[in-house]
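Indexing begins at 1, ligand by ligand and atom by atom, following the structure's order.
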Amino acid sequence: MEQLIVNRRSCRRYLDKNVDPQIINRILSVMAAAPTGGNSCNVEYTVIDDKDRVKEIWQLAYSKMEADAKKHIYTNSFSDFYYGKMKQSEKTVRKNDLLFCGAPHLFIAHEKCAGKWAEDSKVNCNIATAYFELIANAFGLGTVIMSYPAEVLQELAPKARAMLNIPQDHYMKLIVGFGYPEIEYARGVQKDKNHKIHRYTKS
Ligand SMILES: Cc1cc2nc3c(=O)[nH]c(=O)nc-3n(C[C@H](O)[C@H](O)[C@H](O)COP(=O)(O)O)c2cc1C
């Protein structure tokens, strides 16, 4: 587990190939053990495991996003500046696809989000997302957790969102792109070792 976490990296280059359904089934059966608040087990998983279906959703969402950008209409967290940066990244890290990072498959954890347990519902989805990412990597797949395309589907491209068949009252903040990685990384990255850790240790 330590090695997996230290060496995991986001993948934005994939083989143009569907992942073996048996591997996806194994990952999803492991996911049933992910914790949920009060053991409610209400979190649902939507998996687009056919790359052609992902392409259909992508085409609708990407073309709407581009048309809106021409009118300076962006998602809540974006602007001319950030969109310009993302567009530039299509020449480098997000080759030709700032939206789904070229991922052939999508995984979305979502849950009806209402009432006094609404905050737990959100956390359940985010835990499931993190678990999925790690388990998929353990099976040798590449993954990228993405919030931007979830925003595009929610805010700009309702027709593309409808293709997911996820109810409107479900929390859906993160999308995991996954597939067979085109590039194997030789090592992990060293991140900021000075991030804040507050310890209260008896001396
Ligand atoms: C909440 C969250 C949202 C993210 N959204 C995006 C995204 O929309 N597009 C993208 O390419 N990467 C996205 N990422 C991936 C981060 O950019 C990536 O994890 C970070 O740069 C660290 O790189 P690493 O995953 O290789 O360690 C997201 C990650 C998280 C945790």
Side-chain angles (χ1 to χ4, degrees), residues 1-14 34 43 45-46 48 54-55 57-58 60-62 64-66 68-69 73-111 113 119 121-157 160-161 164 166 170-196:
M1 186 56 124
E2 187 183 9
Q3 290 302 315
L4 179 64
I5 291 173
V6 169
N7 292 310
R8 181 217 58 84
R9 297 177 72 179
S10 293
C11 176
R12 298 187 181 89
R13 296 285 169 100
Y14 295 91
V43 58
Y45 308 137
T46 290
I48 319 291
V54 172
K55 197 86 191 159
I57 298 167
W58 180 88
L60 254 186
Y62 195 94
K64 178 64 167 46
M65 175 190 77
E66 282 275 88
D68 281 351
I73 298 170
Y74 303 106
T75 62
N76 162 54
S77 65
F78 266 51
S79 60
D80 279 342
F81 175 78
Y82 286 115
Y83 195 80
K85 283 266 176 212
M86 285 293 263
K87 209 65 203 153
Q88 276 173 16
S89 79
E90 288 192 324
K91 296 193 180 76
T92 55
V93 64
R94 295 181 185 83
K95 194 178 160 197
N96 301 329
D97 181 12
L98 68 89
L99 189 63
F100 290 163
C101 299
H105 301 311
L106 306 176
F107 167 91
I108 306 168
H110 52 97
E111 182 173 331
C113 190
E119 292 306 310
S121 300
K122 295 178 189 173
V123 177
N124 293 339
C125 294
N126 296 338
I127 288 176
T129 299
Y131 272 52
F132 179 87
E133 205 208 17
L134 289 175
I135 300 162
N137 276 271
F139 277 95
L141 301 181
T143 56
V144 59
I145 295 176
M146 302 175 290
S147 57
Y148 178 62
E151 280 184 11
V152 170
L153 294 174
Q154 300 273 49
E155 298 174 34
L156 305 179
R161 192 200 183 283
L164 301 172
I166 296 176
H170 279 210
Y171 173 83
M172 184 197 103
K173 173 70 186 151
L174 297 171
I175 296 177
V176 187
F178 70 100
Y180 291 118
E182 187 187 306
I183 298 163
E184 300 280 345
Y185 289 109
R187 63 191 73 82
V189 283
Q190 287 192 323
K191 295 195 181 175
D192 180 13
K193 297 273 189 245
N194 297 319
H195 57 244
K196 287 182 185 164

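- Within the 4.5 Å cutoff, side-chain heavy atoms of Val144 are placed close to those of Tyr14.
- Side-chain contact check for Tyr83 versus Leu98: some heavy-atom pair is nearer than 4.5 Å.
- Within the 4.5 Å cutoff, side-chain heavy atoms of Ile48 are placed close to those of Leu164.
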Donor-acceptor contacts, no H, no angles, side chain residues 129-140, under 3.5 Å, sequence neighbours left out:
residue	atom	partner	partner atom	Å
Thr129	OG1	Cys125	O	2.8
Glu133	OE2	Arg8	NH1	3.1
Glu133	OE2	Thr143	OG1	3.1
Asn137	ND2	Glu133	O	2.7
Asn137	ND2	Thr143	OG1	2.8

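- Listed by first and then second residue, the salt bridge (Lys or Arg N to Asp or Glu O under 4.0 Å) pairs that reach into residues 91-110 come to none, sequence neighbours excluded.
- Each of Arg8, Arg9, Ser10, Arg12, Arg94, Cys101, Val144, Ile145, Met146, Ser147, Tyr148, Pro149, Leu174, Lys191 has a non-hydrogen atom positioned under 4.0 Å from some atom of ligand 1.
- Applying the side chain to side chain donor-acceptor pair (under 3.5 Å) criterion to Glu90, with sequence neighbours excluded, gives Tyr62, Lys87.
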